Protein chains: 2
Amino acid sequence: VKTSVSSLAVVGGMPAFPDRLNAGQNNLPGWERFERSLRDIFARRYYTNHGPLVQELESRLAGFFGVKNVICMTNGTIGLMIAARALGLRGRVIVPAFTSVATIQSLTWAGLEPVFCDVDPLTHRITTALVEPLIDDTVSAILGVHLWGNACDPREFEKLAEKKVVRLYFDAAHAFGSVHDGIPIGRFGDAEVFSLNSDNILNAAEGCCICTDDDALAESLRNIRSSYGIRTPVSVPITGNGRMSEAQAALALLSLEDFPGNRMLNAERFDSYRTQLAAVPGIRFIEPQQGDQSNYQHVVVEIDSKGFGLARDALKRVLEAENISCAHFAPGGWHRRKPYADLFPQYMNALENTDIISSRIMLLPSGQQVSSKTVSSLCSLIGFIHEHAAAICVELERVA
Amino acid sequence: VKTSVSSLAVVGGMPAFPDRLNAGQNNLPGWERFERSLRDIFARRYYTNHGPLVQELESRLAGFFGVKNVICMTNGTIGLMIAARALGLRGRVIVPAFTSVATIQSLTWAGLEPVFCDVDPLTHRITTALVEPLIDDTVSAILGVHLWGNACDPREFEKLAEKKVVRLYFDAAHAFGSVHDGIPIGRFGDAEVFSLNSDNILNAAEGCCICTDDDALAESLRNIRSSYGIRTPVSVPITGNGRMSEAQAALALLSLEDFPGNRMLNAERFDSYRTQLAAVPGIRFIEPQQGDQSNYQHVVVEIDSKGFGLARDALKRVLEAENISCAHFAPGGWHRRKPYADLFPQYMNALENTDIISSRIMLLPSGQQVSSKTVSSLCSLIGFIHEHAAAICVELERVA
């Protein structure tokens, strides 16, 4: 691909990839199948408000997860906001600062205060050891995050929540179809909230589903969502609009059919990246936990600048120019970003692992858009960048 | 249609209408045009997060309204919630209790307290005379509602807001394409928020657009919405997810093309209902204000039980059985419903006009689903019910 440092796009060469590659999944069903679904929606003239396709999706997902209740919503942020209200939370909620911003926003919209928690430096996930010391009388819940599709020890968290009498729910945006210790993510805690954004393996363009075995909680979620899907009217602190449209449900149903194939493709890509980058020093893959099954929707690496020869930011800059977009994720941890840095300055220097990880991580492109040839080209390119790291450093200074 | 009281469906006869008729608009473009838009979305593989169709929709709507900024969102409730946050409101906000529940919910989600206001008994809308006495130091804004597509005197409210130094914004869910005194709704107050729910004349299945000439407010709205559509990063109190998908924008763009035709159809239906029910006593139409243009998306009548011979609830019951669903709207006023009745019991008996109107109003079906023949049949049926009101009363008691 690249034969000399001067051929890199960042110093004026042609980009290695003609089309921009992003880190999200962006998987799509074939047009013919989607067209059929949409024709049916038009024939029925029923587009939203708990239509037949949303009902079918909820029922299929309940079977997929093996839970009693699945409640679909229009996006994950709304889902998390409505979950916080339905759980009747008060005061403060423990949440990692290293997560999607939606996890934290949802608390603010629900009138709650986040208690920012650090994460394990190897897995990037919260642990009960990190969370337990933060629980006091002002804390009403733990909002766990199954980061990168890997479970954050839900059984240990269930024990902790029971012991401390706090509610436990999960942002499972990354973990659709992941399995922990033989049990699908979706069956843990009081509820688990999945985003069906197009970045994720299950794609409703925008969308969300919430799993719970607690029938009373499910009724509250349905009542707060506001749609014909309310089964029993129950008293809720507030209502909202979380309705999923029929077009969203149509896309999600097709994406659900395609899930096994998309998961396999993700696993292959993950494996290719890992194999082909094994010889490049300073790159560490975030692996699924032993014994668990991941959906492999994220290919996440940490760049150690000493080993690799370039810091993460410099590598990202070189790759961006080659048309590889390695998404920002929780840049610096949300405790360091507005509005949270102003509201809760006490966390500024309190989350050491989050700070270190934030400066090192990088997401590599995957999903249907990425062929095995693309993976090979990208791995070669990263290898080339490592080999010429010193010369590239000089060039980057020059063109800065 | 009906020749005897015993042939009414409520006492066991066949329903007059084989398919259920609802009070919303539910207008659709032809399938071929929508299919073309969706094919393009699939070809681009770009489904959400401020894609090309959302950008086109915002630009076209800005032209339609003649405003500097239009910001699209995924639904009206979210739009109102984000507007309240972007305006930086604090404390209490004056709002009519006679409105869609979303108007009021949005305040609660934004951490604000509603100050429930009564409405004018003839127009069903708030007036400055009703609002002014409620303004005190705890009030930061007025949230007006252009009920039934008719403007609630925006110029007088602009003067009042300036005098009292409070913010002014409008829930314009009913008023897409309505014109007040030569100026389109969308250009008044600090911002106007339109729902593009399928019930409304502009249909994005679910959707919303916010109009404002205030560039700083527009940037806040875009930043809180969270999408690539952020132009300038500005400091906001919180972010959220209000992203509109490309499929929503595709539908809205086609619906915008169809707007003149749909408006004309609505005006014709409104006129037919009014003409054909003119001879039936006890039915009063809520008319657009003199000199204004309405989108006529709602056909709203008040039933006076003395004149008509049956109360509204009895008439609704008879019509429901005939497959005519005359939507509930703000049943009893939201000050009388949970959770607001518990939170703010002081309003329980304070909104006399709202209480009276709530017991009398009825929405009649309109939009593309309703032919002129259907209007005639329905008017004949209502005439028949009036003529046999006494006998029907007896029958209703019998089958209750």
Side-chain angles (χ1 to χ4, degrees), chain A residues 26-31 34-35 38-39 41-43 45-49 74-78 80-81 85 101-102 104-106 108-111 195 197-199 203-207 224 226 233-248 251 338-340 342-343 368-369, chain B residues 26-31 34-35 38-39 41-43 45-49 74-78 80-81 85 101-102 104-106 108-111 195 197-199 203-207 224 226 233 235-248 250-251 338-340 342-343 368-369:
Chain A
N26 291 300
N27 299 326
L28 265 194
W31 163 250
F34 192 54
E35 187 196 341
L38 282 166
R39 266 185 201 277
I41 296 173
F42 262 58
R45 303 184 72 89
Y46 195 132
Y47 328 107
T48 187
N49 210 356
T74 193
N75 67 49
T77 311
I78 304 283
L80 286 165
M81 287 157 63
R85 298 278 190 180
V101 66
I104 311 198
Q105 287 161 355
S106 69
T108 311
W109 282 104
S195 161
N197 185 279
S198 58
D199 282 358
N203 174 14
E206 301 276 352
I224 298 177
S226 298
V234 295
S235 180
V236 291
I238 184 179
T239 54
N241 180 353
R243 289 191 289 268
M244 175 183 263
S245 73
E246 288 290 280
Q248 290 175 294
L251 194 53
K338 287 193 172 204
Y340 300 103
D342 297 337
L343 291 168
Q368 285 176 359
Q369 57 174 348
Chain B
N26 292 302
N27 300 325
L28 264 195
W31 163 250
F34 191 54
E35 187 196 341
L38 283 166
R39 266 185 201 276
I41 297 174
F42 262 58
R45 303 184 72 90
Y46 194 131
Y47 330 107
T48 185
N49 209 357
T74 194
N75 67 49
T77 311
I78 303 284
L80 287 165
M81 287 158 63
R85 297 278 190 180
V101 68
I104 309 192
Q105 287 162 351
S106 69
T108 312
W109 282 103
S195 161
N197 186 279
S198 58
D199 282 357
N203 174 14
E206 300 276 352
I224 298 176
S226 300
S235 180
V236 292
I238 184 179
T239 54
N241 179 353
R243 289 191 289 268
M244 175 183 263
S245 73
E246 289 289 281
Q248 289 175 293
L251 194 54
K338 286 194 171 202
Y340 301 103
D342 298 336
L343 291 168
Q368 285 177 358
Q369 59 174 346

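Note on naming: letters A, B, ... go to the chains in the order of the sequence lines (proteins, then strands), and numbering restarts at 1 for each one. Given the structure is predicted, the values throughout are model-derived calculations rather than measurements.
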Which bit of [X] is near chain B, if near means a heavy-atom gap under 4.5 Å: side chain, backbone, both or neither?
X	value
A/Ser226	side chain
A/Arg39	both
A/Met81	both
A/Ile224	side chain
A/Ala205	both
A/Phe34	side chain

Between B/Pro339 and A/Pro237, what is the shortest heavy-atom contact and its length?
CG-O, 3.1 Å

Best-contacting candidate, B/Thr108, B/Leu38, B/Asn26, against chain A by heavy atom pairs under 4.5 angstrom:
B/Leu38

At a heavy-atom distance under 4.5 Å, which candidate from B/Gln248, B/Arg243, B/Lys338, B/Glu246 has the highest pair count against chain A?
B/Arg243

To the nearest 0.5 Å, what is the distance between OH on A/Tyr47 and CG on B/Asn203?
6.5 Å

When rounded to the nearest 0.5 angstrom, what is the spacing between CH2 in B/Trp109 and CD1 in A/Ile238?
5.5 Å

Looking at A/Asn241, is its backbone amide N or carbonyl O close enough to the side chain of B/Asn75 to form a donor-acceptor pair, meaning the two atoms are under 3.5 Å apart?
yes

Please flag which part of B/Ile78 lies under 4.5 Å from any non-hydrogen atom of chain A: side chain, backbone, both or neither.
side chain

Stepwise, does the side chain to side chain contact (heavy atoms under 4.5 Å, CB included) test hold for A/Arg45 with B/Gln368?
CA-CA 11 Å; A/Arg45 303 184 72 89; B/Gln368 285 177 358; 3.1 Å; yes

One option among A/Gly240, A/Ser245, A/Ser198 has the most heavy-atom pairs under 4.5 Å with chain B, and it is A/Gly240

Mind ranking A/Met244, A/Glu35, A/Gln105, A/Gln369 by heavy-atom pairs under 4.5 Å with chain B and telling me who comes out on top?
A/Gln105

Among B/Ile104, B/Thr77, B/Val101, find the residue that satisfies the side-chain contact (heavy atoms from CB on, under 4.5 Å) test when tested with A/Thr239.
B/Val101

